[in-house]
Amino acid sequence: MSDDEADPELLELLRQHLQGKLDVKTEPETGVLKTVEHVYDTCIDVAIDMRASKNAAEAIYSQMQEKSYSTATWSEHELHPKAKDESTVAFIFTMDLLNFSFWSELPDDERFAVEYRGKRWTGYWSLVASLQRALEEGIPITNPQYWHDEDKCNLESLRHVFRSCTEEEMPLLQERLDCLREAAQVLDERYDFSITELVAAADGSAAQLVNLLAEDFDCFRDEHRFEDGKMIRFLKRAQILVADLWACFNGESYGEFHDIDKITMFADYRIPQILISLGALYCCPGIGTAIKDKKMIESGSTWEVQLRACSIWCVELIRREIKRKHPDAHVNAILIDFFLYDSVKELEAAGKEAIPHHRTRSIWY
Ligand SMILES: Nc1nc2c(c(CN[C@H]3C=C[C@H](O)[C@@H]3O)cn2[C@@H]2O[C@H](COP(=O)(O)O)[C@@H](O)[C@H]2O)c(=O)[nH]1
């Protein structure tokens with residue numbers, strides 16, 4: 001065939017496509033990266049230091065290598081469930097339905113804390129410990145039918161499940177009950193009360209599962225209007241739910257997603273803290289002072305949207321830099337995120353946090 005003759009098969013495919021006959025399955029996208037890049041490109045109160053981000057990328061990668069960070073790291077945490085079965089899918093769903101806002105204004109010895117297996121757990125780990133403790137006490141806290149039963153699952157019983165070993169109770173308890181109730185309602189109406197049926201509905205796509213969670217559940221729809229009116233998608237708990245499934249099941253079984261690398265960093269209150277400490281993220285004096293003075297930054301405010309969006313974009317740039325210098329690295333935004341979260345928790349435990357995390361109270365993170 002001479003150079004100027006087009007491939008007849010290709011021409012036929014093109015003709016069918018133009019006639020709308022081809023069922024070209026479009027790959028699902030979450031829209032998170034595109035919307036946070038828009039905020040980064042247009043915002044004026046938060047910036048990314050490219051040089052510091054590149055330097056941080058190299059340091060992060062070498063420490064991840066040293067600690068051999070992989071999906072296996074997830075199950076090594078003593079409180080995370082070990083069984084690779086449906087009960088663990090239900091555990092992870094319940095955990096990430098409630099995985100938000102543990103921070104306290106009280107001193108460490110007075111803040112909400114859970115005693116379990118002879119240790120005192122705070123923050124995210126207080127949630128995991130409470131769920132494990134409830135299951136050991138025979139409370140079916142990971143069962144949607146339990147959440148549906150108002151006689152059994154109510155503020156009273158949740159106070160027991162999340163009972164503290166201090167005077168302070170778990171923050172936003174009513175909001176957590178509302179999340180359980182809504183999830184039970186949706187699972188009953190659309191998925192026959194089956195969480196694995198919901199996971200299966202995503203057909204092995206991480207982005208599709210994130211979109212299903214955001215579409216079907218109000219309490220997973222973590223998206224907020226930026227000052228210019230554009231809707232910015234963070235979808236933090238929907239994304240960390242998919243990431244926890246992927247990590248727990250080592251990318252197999254209920255954790256098998258062909259597009260897992262579409263998941264971004266999870267915009268919470270810990271990653272911005274460590275990115276600022278690394279000098280990778282810069283805030284205007286107004287935000288910097290509010291964070292230093294532990295002032296409330298309202299959920300959905302322009303400062304909060306910029307902080308979360310630029311943090312996600314910063315981790316994306318760090319990920320790209322790692323891949324540029326180490327093309328064969330098995331590193332995605334999830335593993336970088338897990339590493340950064342665990343690192344800032346180590347700094348907290350050692351009393352070495354350079355700056356406080358920002359204070360936003362919401363059900364989104
Ligand atoms: N971005 C990001 N945010 C994360 C986590 C985790 C725990 N993930 C575990 C699973 C694998 C990893 O190795 C971790 O061991 C919790 N959080 C969020 O932080 C906040 C809790 O903070 P504090 O109150 O200080 O515990 C709250 O918004 C919670 O949703 C993460 O990994 N990434």
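Note that ligands are numbered from 1 as they come in the structure, with each ligand's atoms numbered from 1 the same way.
- Proximity of a side-chain donor or acceptor of Ser253 to a complementary backbone N or O of Phe249 within less than 3.5 Å is not detected.
- Looking at Asp259, its side chain never comes within 3.5 Å of a backbone N or O of Lys262 through a donor-acceptor pair.
- Not counting sequence neighbours, the partners of Tyr365 by the ring-ring contact (aromatic ring centres under 6.0 Å, His included) test are His358.
- Using a 4.0 Å cut-off between charged nitrogen and carboxylate oxygen, Glu137 and Arg163 count as a salt-bridge pair.
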Does ligand 1 have any N/O atom under 3.5 Å from a protein N/O, and what are those pairs and their distances?
{"residue": "ligand 1", "atom": "1 (N)", "partner": "Phe266", "partner atom": "O", "Å": "3.0"}
{"residue": "ligand 1", "atom": "1 (N)", "partner": "Asp337", "partner atom": "OD1", "Å": "3.2"}
{"residue": "ligand 1", "atom": "1 (N)", "partner": "Asp337", "partner atom": "OD2", "Å": "2.8"}
{"residue": "ligand 1", "atom": "3 (N)", "partner": "Asp268", "partner atom": "OD2", "Å": "3.1"}
{"residue": "ligand 1", "atom": "13 (O)", "partner": "His77", "partner atom": "NE2", "Å": "3.3"}
{"residue": "ligand 1", "atom": "13 (O)", "partner": "Asp342", "partner atom": "OD1", "Å": "3.3"}
{"residue": "ligand 1", "atom": "13 (O)", "partner": "Asp342", "partner atom": "OD2", "Å": "2.7"}
{"residue": "ligand 1", "atom": "15 (O)", "partner": "His77", "partner atom": "NE2", "Å": "3.1"}
{"residue": "ligand 1", "atom": "15 (O)", "partner": "Asp342", "partner atom": "OD1", "Å": "2.9"}
{"residue": "ligand 1", "atom": "19 (O)", "partner": "Asp268", "partner atom": "OD2", "Å": "3.0"}
{"residue": "ligand 1", "atom": "24 (O)", "partner": "Tyr269", "partner atom": "OH", "Å": "2.7"}
{"residue": "ligand 1", "atom": "25 (O)", "partner": "Arg270", "partner atom": "NE", "Å": "2.6"}
{"residue": "ligand 1", "atom": "25 (O)", "partner": "Arg270", "partner atom": "NH2", "Å": "3.0"}
{"residue": "ligand 1", "atom": "25 (O)", "partner": "Lys345", "partner atom": "NZ", "Å": "2.8"}
{"residue": "ligand 1", "atom": "26 (O)", "partner": "Tyr124", "partner atom": "N", "Å": "2.8"}
{"residue": "ligand 1", "atom": "26 (O)", "partner": "Tyr341", "partner atom": "OH", "Å": "2.8"}
{"residue": "ligand 1", "atom": "26 (O)", "partner": "Lys345", "partner atom": "NZ", "Å": "3.4"}
{"residue": "ligand 1", "atom": "30 (O)", "partner": "Asn99", "partner atom": "O", "Å": "2.9"}
{"residue": "ligand 1", "atom": "30 (O)", "partner": "Asn99", "partner atom": "OD1", "Å": "2.6"}
{"residue": "ligand 1", "atom": "30 (O)", "partner": "Lys236", "partner atom": "NZ", "Å": "2.3"}
{"residue": "ligand 1", "atom": "33 (N)", "partner": "Asp337", "partner atom": "OD1", "Å": "2.5"}

Self-check item: Verdict with reasoning, Thr302 to Glu227, per side chain to side chain donor-acceptor pair (under 3.5 Å)
Solution: CA-CA 6 Å; Thr302 181; Glu227 56 196 26; 2.6 Å; yes
Would Asp342 and Tyr69 count as a side chain to side chain donor-acceptor pair (under 3.5 Å) if you check the C-alpha gap in whole Å, the side-chain angles of each, and the deciding distance to 0.1 Å?
CA-CA 11 Å; Asp342 290 337; Tyr69 247 76; 2.4 Å; yes
